[in-house]
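One structure below.
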Amino acid sequence: MALHVVNEARRCLNCKKPRCREGCPISTPIPDMIQLFLSGHINEAGEMLFRNNPLSVVCSLVCNHEAQCEGHCVLGKKGQPVHISSIENYISSHYFDMLRPQPAPSNGMRAAIIGSGPAGITIAVMLAQRGYGVTVFEGKEKIGGVLRYGIPNFRLPKTILDHYKEVLAAMGVKIRPNTNIGSAIGVDDLFRDGYKAVFIGTGVWKPNTLGIKGESLGNVHYAIDYLCNPDVYDLGQRVNVIGVGNAAMDAARTALRQGAVQVTAFARSEHVSASPLEREYAQIDGVQFEYCKAPVELTEEGCIFQDTVRREDGTLERIPGTEKLYPADSTIISVSQGPRNVIVSSTGGIDVNARGLVVTDADGRTTREGIFASGDVVKGAKTVVEAVRYSKQVADAMDAYMQGLPR
């Protein structure tokens, strides 16, 4: 592994205008990282990565690199791009495994973080580095949010998230697991108890439904629920997955690893919305694909689909009389998800849009003073690196607000 990474690093042209960095949503200083690594300064390279992106070690594993940094590498025009993700993972893993931070000098102010997904972890790290007393409120028993409960272990080892808990604790961050803000404790209670600002990063955990007959049957499940704890499900040997996004690929590949013999993913159109790499991995693992199929009804024997055809105006049209049962022991529905509104419904002054997402300005300020939000609960289901990029900006806005600085 090390020799491979060194060889890949040596292929970097150290471009004066690095297109790889332009392709990264968080502008990772890739050439600088590689040059530090090659000159024997791996710790400095790792520190630079962590400072730019507290979730660098995670993003090196789960980012859509072929569409971002690696997809923009100039060497990819006529050959293979530099395998930047492997280099970043080697450096960031080395640094993160040895990271034992100390608490920053206290500035006497407290901030509350609701949710410990990518956005929550990013903001907790950045505010703790600036001396704030940070408390993270997590509704589940362990931190990580979608990183832990939405991405399979074969893509993102959960030991990484366990170490994030240790790092946060070493920085002085307090974590309250199994605590849903909006039930016993509300946002108003947080302000009463002296928190100067509150961040909402609760993600999107409410699965979107198909709205068809049979959705409440015992052999029908939602991908976001299944991925939380696959071990408690008995799907049988044949599984149909409705949806072809990245979450659908995760659910399909997990089902195969959990003992399913035949897993088929169904797309409404001729396209797969998952990244090309995730689709290829799914095919290698044994996932089969059916295209131009729209679900009509869910049954205990499987799902009934209709064929679809794309019209000249680009819309999809169902073809009457093409109904067909595709047998399965279980069906997993994966057609995206939206936010649960417990916090919003129990807190006055926070506006949401028609999709139930929290309304904010460009810096994450909600419509109620002192409350900020970012991540999927604002943008909808997006990528980890996009959540980090936006959350860095929100952390700066929270810092300025608590310090009483003008906008």
Side-chain angles (χ1 to χ4, degrees), residues 50-51 53-55 57-58 96-149 158-203 205 340 342-343 346-347 350 364 366 368 370-377 384 387-388 391-392 394-403:
F50 188 80
R51 187 168 57 249
N53 177 5
L55 291 181
V57 66
V58 171
F96 188 65
D97 287 346
M98 297 190 300
L99 182 60
R100 300 293 185 273
Q102 297 295 319
S106 174
N107 64 17
M109 289 183 278
R110 291 200 294 268
I113 308 295
I114 305 174
S116 65
I121 291 176
T122 300
I123 291 182
V125 168
M126 296 189 67
L127 292 183
Q129 288 173 333
R130 302 177 192 187
Y132 290 96
V134 177
T135 299
V136 175
F137 298 87
E138 170 54 48
K140 297 183 182 295
E141 63 179 13
K142 295 184 178 181
I143 71 162
V146 70
L147 301 176
R148 182 181 294 275
Y149 298 104
K158 301 306 179 278
T159 52
I160 294 175
L161 303 174
D162 295 336
H163 188 46
Y164 267 104
K165 180 182 178 181
E166 297 171 358
V167 168
L168 289 171
M171 298 178 75
V173 175
K174 295 179 174 62
I175 299 173
R176 288 188 60 164
N178 298 317
T179 304
N180 287 300
I181 300 299
S183 54
I185 299 174
V187 171
D188 292 334
D189 298 322
L190 299 178
F191 286 117
R192 176 202 66 193
D193 293 342
Y195 292 94
K196 300 291 289 184
V198 174
F199 170 76
I200 300 174
T202 48
W205 292 98
R340 295 189 174 121
V342 176
I343 294 176
S346 63
T347 307
I350 304 177
T366 69
R368 177 169 171 178
I371 299 179
F372 298 76
S374 76
D376 291 354
V377 76
V384 174
V388 174
S391 297
K392 287 178 62 178
V394 176
D396 289 339
M398 292 179 69
D399 181 29
Y401 171 80
M402 289 186 281
Q403 296 293 337

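Ring orientation note: the planes of Tyr164 and Phe96 are tilted relative to one another, at an angle of 30° to 60°.
Under the side-chain hydrogen bond (donor to acceptor under 3.5 Å, both in side chains) criterion, Asp162 pairs with Arg148, not counting sequence neighbours. Remark: Arg368 pairs with Asp188 by the salt bridge (Lys or Arg N to Asp or Glu O under 4.0 Å) rule, at least two apart or across chains. Legend: residues meeting side chain to side chain contact (heavy atoms under 4.5 Å, CB included) with Ala397, ordered by chain and number and at least two apart, are Asp363, Arg365, Phe372. A search for side chain to side chain contact (heavy atoms under 4.5 Å, CB included) contacts involving Tyr149 returns Lys140, Glu141, Lys142, Trp205, Cys228, not counting sequence neighbours. Qualifying side chain to side chain contact (heavy atoms under 4.5 Å, CB included) partners for Pro177, counting only residues two or more places apart in sequence or in other chains: Ile175. Qualifying salt bridge (Lys or Arg N to Asp or Glu O under 4.0 Å) partners for Asp97, counting only residues two or more places apart in sequence or in other chains: none. The side chain to side chain contact (heavy atoms under 4.5 Å, CB included) test applied to Ser116 returns Val136, Glu138, Ile143, not counting sequence neighbours. Evaluation of the ring pair (Phe, Tyr, Trp, His ring centres under 6.0 Å) rule for Phe137 yields no partner, not counting sequence neighbours. Arg192 meets the salt bridge (Lys or Arg N to Asp or Glu O under 4.0 Å) test with Asp189; sequence neighbours excluded.
Ile114 CD1 to Ile371 CD1: the interatomic distance, rounded to the nearest 0.5 Å, is 7.5 Å. In this structure, CG on Asn180 lies 10.0 Å from OG1 on Thr202, to the nearest 0.5 angstrom. Distance check: Leu99 CG to Glu166 CD gives 10.5 Å after rounding to the nearest 0.5 Å. For the atom pair CG (Leu168) and CD1 (Ile113), the distance works out to 10.0 Å, reported to the nearest 0.5 Å.
Sequence neighbours left out, the pairs with a member in residues 119-135 that pass side chain to side chain donor-acceptor pair (under 3.5 Å) are Arg130-Asp396, Arg130-Asp399, Tyr132-Asp399, Tyr132-Gln403, Thr135-Tyr195. Among residue pairs with one or both ends in residues 169-184, none qualify as salt bridge (Lys or Arg N to Asp or Glu O under 4.0 Å); sequence neighbours excluded. Counting only residues at least two apart or on different chains, no salt bridge (Lys or Arg N to Asp or Glu O under 4.0 Å) pair has a member in residues 99-128.
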Please walk me through it: do Met402 and Leu127 pass side-chain contact (heavy atoms from CB on, under 4.5 Å)? CA-CA 11 Å; Met402 289 186 281; Leu127 292 183; 4.2 Å; yes
